[in-house]
Amino acid sequence: ADLAASVEVKLPMGYSNCHVVGRGEPNRSMEAFVVDSDADGHFDNPFGILSIDEEDGNWERSHGRTCRYDLAKNNRIYHRQVVYFELTVDNPEFLLLKDNPRNVWQHRLISKGAYREWEHAEGATPFYDFIKNRWVPDLPGGRGLWSGNAAVITELKYDLLQPGPTVDSFSLSPAGRHLDANSVQQHIRVFFKPNLEVEPGGYLIVDAPDGFDFGSNCSATPLRDEYYAFYGEFEPMLLALPVEACEGERNPPWASTYNTARIKVYSTLNITELDHWGFELFVSNPSYYEPLQQESWKLWTEDSMARSLEGSLAPVRHSQFHDRASYNFTTPLFQKSWGLYKEALSGVELSFESLEPYRVTDITVASFLFPEDVNTSLRITAPLGYEWSTNLHDFRWFNEDCTGQAPSSVGGHDPCDPFADGDIYGGPEPLPDIEPERPNELVWQSVSLQSNLKYGFQFLVLLPWHSPRTSGNTFFFEFGFDEDDIEKRIKALAIEAPRVATTTTTTTSSTSQTSTTSTTTETTTETATVTTTTTTTMPREAVCDAQFVNVTTGWAVRGTQVFQDPAEGGMLMKTENGGKQWFEMTSGDPRFIGLHFVDPTTAWAVGEAGAIWHSDDGGLAWSAQESSTTERLTGVHMVTEDPVVRVAAGERGRAQRRPILHGWAVGAAGTIVRYNEGYGWSPVESGT
């Protein structure tokens with residue numbers, strides 16, 4: 001009886017649980033309430049509210065997708081009065097873009113019927129739509145301040161943002177210098193895969209924490225050419241972002257820096273199963289660190305009308321192995337963005353025993369040196385696709401006392417080399433943790449390092465088939481990675497990894513190139529001079545024979561000089577993904593030239609001096625068979641027939657079908673040998 005009138009807002013289908021948190025008052029510092037576009041000394045938009053004090057009214061009858069404010073007795077809303085309120089709702093479980101005809105927000109007024117044109121028994125107006133979006137640009141502030149509805153967008157799930165591979169990319173700018181040429185500047189790397197197509201004239205938006213500065217005219221440029229190489233039809237493809245313009249903005253408007261990069265694209269950002277997009281973005285680091293910075297990196301896409309399409313639900317990840325499914329603001333730093341550190345880590349070098357693709361190899365990391373004793377956490381992140389060994393017995397610390405020692409100027413010799421004396425080794429305990437869901441990370445929750453000891457380590461790592469393209473080809477070293485206090489976030493470094501020595505085929509000329517960041521190990525591989533298509537293949541040697549039993553599983557025989565020198569052995573290679581990648585099954589002995597798989601497990605192979613082998617476990621083990629020839633065999637083929645065979649069954653016989661194998665092998669000097677099941681191999685006259 002004390003309810004005099006109501007204001008009711010009806011949300012589109014799919015919304016639920018409409019309610020008000022706190023007093024339901026918007027933030028008075030929002031740009032809409034501090035704009036004075038005509039400079040008359042008065043804000044353009046008076047700040048009116050719907051108070052929830054007892055004598056004013058309440059939102060208690062809100063439910064479902066209806067938000068209702070009931071005025072207390074003797075209270076009223078006057079003609080042309082403007083009020084603002086903040087509602088909290090549960091979004092629909094489906095995409096609802098701004099231009100969807102179902103995305104209509106409505107409102108009405110309800111009273112005791114003093115207005116005679118209201119024909120409803122309860123004295124309510126009809127539902128009126130909120131302002132049309134096409135009228136928004138004509139309002140003061142335009143789309144930057146107003147909207148007739150809200151978009152429910154999809155989540156960008158394949159977004160990644162990493163600092164560039166420079167010595168000080170993790171470092172703070174000097175105090176008070178983060179906006180000038182003396183600031184720490186870098187090119188951050190951005191990778192993403194849209195779920196919704198972005199049309200020409202649409203936008204990609206990068207939100208950074210306040211303090212990071214893209215500048216009013218930001219710079220978005222392509223990555224190095226090798227990131228956009230083509231490695232095969234079924235491999236993820238990275239595409240260069242078609243940048244038309246890049247404009248820096250302050251978000252929110254009172255931010256101290258241009259911490260938002262609004263990138264306009266001149267062609268369509270397509271959506272395919274494998275296509276990703278990647279680019280570099282120039283930014284200046286702030287001169288301070290706050291933990292919230294690691295929760296404020298976001299990516300968004302908009303159409304050409306600046307209507308939201310999709311965006312980051314959680315902070316943009318630092319590593320693609322980080323799971324964000326259960327993200328909240330108290331989750332560990334494994335699910336947050338990268339953060340700043342007090343100082344840069346210098347002097348670190350990487351060297352690899354081998355850079356052959358998909359091979360377990362030793363990596364040597366040298367070296368860390370601290371002027372004071374430290375006890376801290378440590379995270380070492382390898383590039384996407386690398387996997388550290390799970391056998392921690394393979395992990396070896398090395399150290400050397402560097403007190404009073406300095407590198408010699410003669411030949412660059414360093415008397416303080418932790419790897420110079422194999423008898424001097426040891427290091428901090430415990431050994432690192434390796435989580436199955438993050439196979440490219442080594443993590444120490446606590447590690448103690450002594451002053452003036454130079455540390456290094458060796459460990460085993462599985463290399464990917466090729467260097468990553470949907471992630472930076474970068475190692476990250478972070479001392480104090482889980483600390484909130486900048487004084488305890490001691491040092492960090494991003495360092496470029498050498499390219500995995502994947503042999504590529506291309507229509508351009510090739511050059512010999514050293515691919516390592518260390519002077520201790522050099523690996524030379526053949527690489528293309530970029531810009532044209534490349535495909536991942538097995539190493540470029542003679543391929544003698546190949547066979548697939550289905551569209552994904554196949555085998556091939558290769559050897560360096562199989563046909564030139566009979567002493568050279570062939571090697572059996574297998575693929576399980578349609579030929580995109582191959583791995584070795586055997587090497588050297590037995591020496592294969594030709595092979596045939598009857599099914600995924602049963603196979604024959606032939607080679608030098610009449611050699612024939614048989615496998616019944618998919619090529620893992622082979623047994624020799626007598627061939628009745630000493631000539632070189634180069635091909636083999638097996639077939640089955642399915643006759644009715646009489647099989648004994650007690651005192652009575654029964655008819656049963658059982659396939660019978662026959663085969664032929666051919667080779668030098670017109671040699672043909674035939675296989676009959678139960679009789680073995682016997683020669684056949686070829687007439688040549």
Side-chain angles (χ1 to χ4, degrees), residues 156-171 184-193 204 206 208 212 219-229 231 235-241 261 275-283 285 294 297 299 312 315-322 333-341 344-345 348-350 352 355 357 363 365 379-388 438-442 461-478 481 492-500 502 515-517 527 530:
L156 265 175
K157 295 183 179 180
Y158 298 95
D159 51 353
L160 192 70
L161 192 149
Q162 298 174 324
T166 57
V167 172
D168 56 358
S169 56
F170 279 102
S171 302
V184 173
Q185 300 174 334
Q186 61 165 312
H187 286 88
I188 59 172
R189 292 170 169 178
V190 182
F191 305 86
F192 70 102
K193 180 179 180 294
L204 173 72
V206 181
F212 286 87
S219 174
T221 55
L223 297 159
R224 293 203 309 265
D225 290 331
E226 58 260 31
Y227 279 94
Y228 304 109
Y231 280 88
E235 284 289 311
M237 180 70 181
L238 190 70
L239 304 174
L241 193 69
D275 286 350
H276 292 66
W277 300 85
F279 63 99
E280 292 184 336
L281 192 58
F282 183 79
V283 68
N285 289 356
Q294 293 183 259
W297 288 95
L299 296 183
S312 305
V316 181
R317 292 170 294 177
H318 177 211
S319 169
Q320 285 196 355
F321 285 115
H322 293 172
L333 292 180
F334 300 111
Q335 299 181 12
K336 298 182 181 180
S337 299
W338 68 283
L340 296 170
Y341 289 79
L345 179 68
V348 176
E349 293 182 336
L350 308 176
F352 293 77
L355 287 173
I363 177 176
V365 177
R379 175 169 65 182
I380 301 175
T381 306
L384 179 66
Y386 283 66
E387 295 184 20
W388 296 106
R438 297 190 299 275
N440 66 329
E441 289 187 0
L442 299 177
V461 65
L462 173 64
L463 301 182
W465 285 105
H466 53 73
S467 295
R469 289 165 302 148
T470 57
S471 166
N473 186 35
T474 312
F475 278 81
F476 300 101
F477 298 81
E478 302 170 84
F481 77 97
L493 172 68
I495 182 172
E496 191 80 354
R499 306 290 298 175
V500 175
T502 303
S515 41
T516 180
T517 58
T527 61
V530 302

Query raised in the report: Does the pair M237 and H276 meet the rule for a side-chain contact (heavy atoms from CB on, under 4.5 Å), with working shown?
Result: CA-CA 6 Å; M237 180 70 181; H276 292 66; over 6 Å; no
Short side-chain to backbone donor-acceptor contact, [X] and [Y], under 3.5 Å:
X	Y	value
Q186	S169	yes
T474	A494	no
Y228	G278	yes
N285	S171	yes
E280	I188	no
E387	P439	no
R469	A229	yes

Over all atoms of both residues, closest heavy-atom pair of [X] and [Y]:
X	Y	result
N473	P498	ND2-O, 3.7 Å
L223	L238	CD1-CD2, 3.8 Å
E441	T381	CG-OG1, 3.8 Å
P165	E496	CG-OE1, 3.2 Å
L299	D159	CD1-CB, 3.6 Å

Quick check for you: to the nearest 0.5 Å, what is the distance between [X] atom [atom1] and [Y] atom [atom2]?
X	Y	atom1	atom2	result
F477	F170	CZ	CZ	10.5 Å
W388	I380	CH2	CD1	6.5 Å
Y227	T470	OH	OG1	10.0 Å
S337	Q294	OG	CD	7.5 Å
T221	H187	OG1	NE2	4.5 Å
R189	Q162	CZ	CD	8.0 Å

Is any side-chain heavy atom of [Y] closer than 4.5 Å to one of [X]?
X	Y	result
R438	R379	no
W465	P357	yes
K193	D275	no
Y386	P464	yes
Y158	F191	no

The residue among L350, N440, V348, V365 that forms side-chain contact (heavy atoms from CB on, under 4.5 Å) with F475 is L350
Requested in this report: Take V500 and F352, measure what side-chain contact (heavy atoms from CB on, under 4.5 Å) needs, and give me the verdict at the end.
Outcome: CA-CA 10 Å; V500 175; F352 293 77; over 6 Å; no
What do you reckon, are the aromatic ring centroids of F476 and W338 less than 6.0 Å apart?
-> no
- Task: Check the pair V190 / L241 against side-chain contact (heavy atoms from CB on, under 4.5 Å), numbers first and verdict last.
- Result: CA-CA 10 Å; V190 182; L241 193 69; over 6 Å; no
_As a quick check of understanding, evaluate side-chain contact (heavy atoms from CB on, under 4.5 Å) for V206 and F192, giving each step before the final call._
CA-CA 11 Å; V206 181; F192 70 102; over 6 Å; no
